[in-house]
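Below is one structure, written out as structure tokens; the observations come after it.
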Amino acid sequence: MEKVALITGASGGLGQALAKKLIADDWKLILVSRDAHKLKTVYGDQQMQIVGNCTNAEGVRKIFSQINDSSLQPTALAHCVGNIRLAPMHRMAETDFLDCMHTNLFSAFHTLSGFINHLKQHSFSGSAVLVSSAAASIGTPNHEAISAAKGGIEAMVRSASASYASSGIRINAVSPGIMDTPAAAGIISGDLMREMASKQYPIKGIGNPADVAELMVWLLSDAAKRVTGQAWAIDGGFSSIRPLVK
Ligand SMILES: NC(=O)c1ccc[n+]([C@@H]2O[C@H](COP(=O)([O-])OP(=O)(O)OC[C@H]3O[C@@H](n4cnc5c(N)ncnc54)[C@H](OP(=O)(O)O)[C@@H]3O)[C@@H](O)[C@H]2O)c1
């Protein structure tokens with residue numbers, strides 16, 4: 001059976017890094033973005049491209065209806081849609097909070113539901129990987145909204161992996177620290193901001209989306225066939241260690 005993966009947020013920094021690696025590993029891709037122009041600019045006429053919005057159930061239904069009408073049936077999902085909304089909660093506008101929840105958590109719920117429904121309809125086994133953040137597991141200032149959204153994703157991943165393990169469906173998350181992508185542009189826009197961000201990590205530096213993509217490729221592959229229900233930190237030790245202060 002040919003290897004087919006669905007990538008949402010395919011025009012983004014992580015989505016592009018992942019697409020590149022999966023193509024090199026002989027996967028056929030279905031690439032989703034809200035913007036046809038962005039997809040064409042990045043991928044030209046390569047791979048199947050779908051314009052859609054996965055932040056709501058109707059948008060996801062339309063995406064899977066196009067997939068069902070095509071010859072490609074995905075058994076892997078990488079949900080790379082998301083954003084970073086930072087502000088102290090007492091000063092965050094309700095619209096920003098809702099945008100953060102819709103873009104990160106609601107999109108993850110609807111897309112994963114649609115994908116599982118697709119696998120069940122076709123009696124396929126499969127694998128999904130969602131994107132969380134280091135902020136889901138360690139308290140960092142001004143991250144209340146994104147922590148809530150990404151913490152919700154990690155909890156949902158555990159529950160969904162329990163629900164569908166017996167159907168041969170594996171579900172994991174990756175939890176990166178800051179990465180050099182458009183989503184983080186506002187946080188690392190100048191040299192000083194970059195240096196400050198880099199210093200927050202026990203292994204200093206800004207994450208490369210290609211490294212996170214590598215982990216995602218592995219999680220989607222058969223090499224990870226015994227792995228489900230986990231959030232994989234890839235954050236320079238940020239969420240799990242405190243180095244000796246010298
Ligand atoms: N960059 C970081 O430092 C960092 C750190 C931890 C976690 N993450 C997570 O990593 C994932 C990938 O993000 P990235 O870093 O690759 O950022 P990115 O380049 O901005 O890509 C994010 C993608 O999400 C989609 N998106 C953004 N806002 C949306 C909205 N309101 N509704 C629907 N889709 C929307 C966009 O797709 P279209 O515009 O093409 O539709 C975009 O391509 C996200 O879940 C992000 O939260 C990033």
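Just so you know, ligand 1 is whichever comes first in the structure, and atom 1 is the first atom listed for that ligand.
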Could an N or O of ligand 1 be found under 3.5 Å from any N or O of [X], whether backbone or side chain?
X	result
Ile146	no
Ala10	no
Ser33	yes
Asp35	no
Lys150	yes
Ile84	no

[X], portion touching ligand 1 at heavy-atom distance under 4.0 Å:
X	result
Ser107	neither
Val81	both
Cys80	backbone
Ile187	neither

- Task: For atom 27 (C) of ligand 1, state which one of Gly82, Cys54, Gly15, Gly12 supplies the nearest heavy atom.
- Result: Gly82
- Heavy-atom distance to atom 39 (O) of ligand 1: which of Arg85, Lys38, His79, His37 wins? Lys38
Which protein heavy atom lies closest to [atom], and at what distance to 0.1 Å?
atom	answer
atom 3 (O) of ligand 1	Met179 N, 2.7 Å
atom 17 (O) of ligand 1	Ala183 CB, 3.0 Å
atom 32 (N) of ligand 1	Arg34 NH1, 3.3 Å
atom 19 (O) of ligand 1	Gly13 N, 2.7 Å
atom 7 (C) of ligand 1	Ser132 O, 3.3 Å
atom 9 (C) of ligand 1	Val131 CG1, 3.6 Å
atom 28 (N) of ligand 1	Thr103 CG2, 3.5 Å
atom 14 (P) of ligand 1	Thr181 OG1, 3.4 Å

Which ligand 1 atoms are under 4.0 Å away from a heavy-atom of [X]?
X	value
Thr55	32 (N), 33 (C)
Ile178	3 (O)
Asp99	31 (N)
Asn104	47 (O)
Gly177	5 (C), 6 (C)
Leu14	12 (C), 16 (O)

Decide, yes or no, whether a salt bridge links [X] with [Y] under the criterion of side-chain N to carboxylate O below 4.0 Å.
X	Y	result
Arg85	Asp99	yes
Lys150	Glu154	no
Asp35	Lys40	no

- Should His122 and Asn68 be marked as a side-chain hydrogen bond (donor to acceptor under 3.5 Å, both in side chains) after you check the CA-CA gap, both sets of side-chain angles, and the distance that decides it? CA-CA 10 Å; His122 295 274; Asn68 274 324; 3.1 Å; yes
- Give a yes/no verdict on whether any heavy atom in Ala17 is under 4.0 Å from an atom of ligand 1. no
- Heavy atom of Gln16 under 4.0 Å from ligand 1? no
- Donor on one side chain, acceptor on other, Thr55 and His102, under 3.5 Å: no
- Task: Compute whether any side-chain donor of one residue and acceptor of the other, for Asn104 and Asn83, lie under 3.5 angstrom apart.
- Result: yes
Please determine whether residues [X] and [Y] belong to a single hydrophobic cluster, defined as Ile, Leu, Val, Met, Phe, Trp and Tyr linked transitively by side-chain heavy-atom distances below 4.5 Å.
X	Y	answer
Ile153	Trp232	no
Met179	Tyr201	no
Met216	Ile23	yes

Determine yes or no for a side-chain-to-main-chain donor-acceptor pair under 3.5 angstrom, with [X] supplying the side chain and [Y] the backbone.
X	Y	result
Gln73	Ser70	yes
Ser159	Met156	no
Asn172	Gln230	yes
Gln49	Gln46	yes

- Message: Could you check whether any side-chain heavy atom of Lys3 comes within less than 4.5 Å of a side-chain heavy atom of Asp25, counting everything from C-beta outward?
- Response: yes
- For Phe64, the side-chain contact (heavy atoms from CB on, under 4.5 Å) test, sequence neighbours excluded, returns Leu6, Val60, Ile67, Phe115, His118
- Query: Roughly how far, to the nearest 0.5 Å, is the NE2 atom of His110 from the OG atom of Ser113?
  - Reply: 7.5 Å
